[in-house]
Amino acid sequence: MSELRVRFAPSPTGYLHVGGARTALFNWLLAKNKGGTFILRIEDTDVERSTKESVDAILEGMQWLGLEWDEGPFYQSDSFPLYKEHVQKLLDAGKAYKCYCTAEELDAKRNLAMQEGRKPKYDGTCRERAEQPEGQPYVVRFRAPQGGVTAFDDLIKGTITFPNEELDDLIIQRTDGTPTYNFCVVIDDASMNITTVIRGDDHVNNTPRQIQLYEALGFPVPQFAHVPMILGSDKARLSKRHGATSVIAYRDMGFLPEALLNYLVRLGWSHGDDEIFTMDEMIQKFDIGNVGRSASVFNTEKLLWLNAHYIKNSDPERLADLLLPHLSSRGVTTLGGPDLMAVVKTLQERAQTLVEMAERAVFYYNAPDSYDEAALAKFDKEQLLAVLSAVTEKLSSSAVGDAAEVDGLFKEVCSENGWKMGQVGQPVRIALSGGTQAPGIGEIAITLGVTETVRRIKRMQEFVAGK
RNA sequence: GUCCCCUUCGUCUAGCCUGGCCCAGGACACCGCCCUUUCACGGCGGCGACACCGGUUCAAAUCCGGUAGGGGACGCCA
């Protein structure tokens, strides 16, 4: 194990969304690549908005993706005493001070500053305050350095420099005595010995403040890597109105975890022209320095393509297991029907999602109770009946072992009667599946079994005859 | 408004650091053709981008400056 220690630190105010998942993935990949440690930390200092349900949802998402963590989950809410202790330390050292300005006063000042086009920063009213009013509510503010600049070398974006005068004295402890985010993060990352902080782009502006805190506290400053955001198709920050954003929603839509992971890793990161990565390849090739600097648009089409790829190349047995819930949610029972694994094999090349596969699998278990009339209308009634009986006869009188042999039988029927394959295959496909979009007839017949195949053809024969 | 960041095909991106091999490569999508009993898979081909303006240079997507556009942050949220 190397010294590298990274963490994923979501706040439990919702489910795990794809942006968070990608951040988690990058952290996880870097840890795996460097033999480091990946830590999961729940940032629940906002007691109001944090929920147990969200924690569970996040853990569920992480587990589904297979992003297992080495340490944690740790909860910030368990560390309140630790934060308090460090606030006191700063207070004692004169690096922090009590501020008695009310929230209302601050709001007013902020609005005024915005209106006048000034930077809405704290004006330092209590910074040099001599008398400390007794029993008055106060917040604790960090006494930020006044001049100079704070800079850091971002692993993704390069050197970023902030003039210190842009940074005001941030609140590190609220009136109610609870610590604030920027302070907790620093204490946690320092006490967990985090060496590399990989997080969303939206934290770039917090970084200089946090660096100042590290320095005031005497902690070593970690390295930072800020990953760009994920946008919706309209280039606005990805949100629910762009469609699903929760990783669990993608699971429910029939995506494979490896497909989502592969999609996510290529969103912002690249390794030459490579598109498909196994987990091992991802780990081996991942380099935080190859993450792009600009935001990227989430594109479901490409995700679908990847999903189709992984479905095509997955073990049918595993797919069968994963398909089961999608089948039963459609009220389909596989009991007494064809072997699900055999069914999956006929569908692997034709489905982009498990949901689509389930839809296409239904006819195997529920014989069609209606037929695609438009497709049927293309054939003459007498001709249809002749074809169907020729096929049943052929099928009933021959022993077949695999799909190719069945197809051979159909060719025989064609040549014996002078028919074209289109005249024979299509009606039978409709008889077996109800429609025209299905696997090859040989595949269907073998999967269904000759007995059931013949039964279905006869059923349509009756249907056609009775018209 | 202020600060920070970003800008190559519709989308994801390679190339940019270490100028010439780039009249810019790959992938998704789209279009066409082939394969084919349907739907798919697959194969082949096509469409399509260096935001703009200056500068440096024999030579710039690549270096420098500016402009425009986009995003983010400015909270007793995280």
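Heavy atoms only: backbone and side chains are in, while hydrogens, waters and symmetry mates are out.
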Handout entry: Test: A:Arg456 and A:Glu452 ion pair at under 4.0 Å
Key = yes
[N] to [M] separation - [atom1] atoms, rounded to the nearest Å:
N: B:C30; M: B:C9; atom1: C1'; result: 12 Å
N: B:C23; M: B:A73; atom1: C1'; result: 42 Å
N: B:G65; M: B:U11; atom1: P; result: 28 Å

Nucleotide opposite [N] in a Watson-Crick or G-U pair, distances under 3.5 Å:
N: B:A27; result: B:U11
N: B:C22; result: none
N: B:C33; result: B:G43

Gap between atoms [atom1] and [atom2], on [X] and [N] respectively (whole Å):
X: A:Arg209; N: B:A78; atom1: CZ; atom2: P; value: 13 Å
X: A:Met229; N: B:A78; atom1: CE; atom2: P; value: 20 Å
X: A:Glu166; N: B:U2; atom1: CD; atom2: P; value: 10 Å

So [X], base contact, sugar-phosphate only, or nothing? Heavy-atom distance under 4.0 Å.
X: A:Ser11; result: sugar-phosphate
X: A:Thr175; result: base
X: A:Val139; result: base
X: A:Asp407; result: base

Handout entry: Nearest to side-chain heavy atoms of A:Pro120, which nucleotide of B:U38, B:A78, B:C74
Key =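 Looking only at heavy atoms from C-beta outward on A:Pro120, the closest nucleotide is B:C74.
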Practice task
Verify the ring-centre separation between A:Trp69 and A:Phe8: is it less than 6.0 angstrom?
Solution key: no
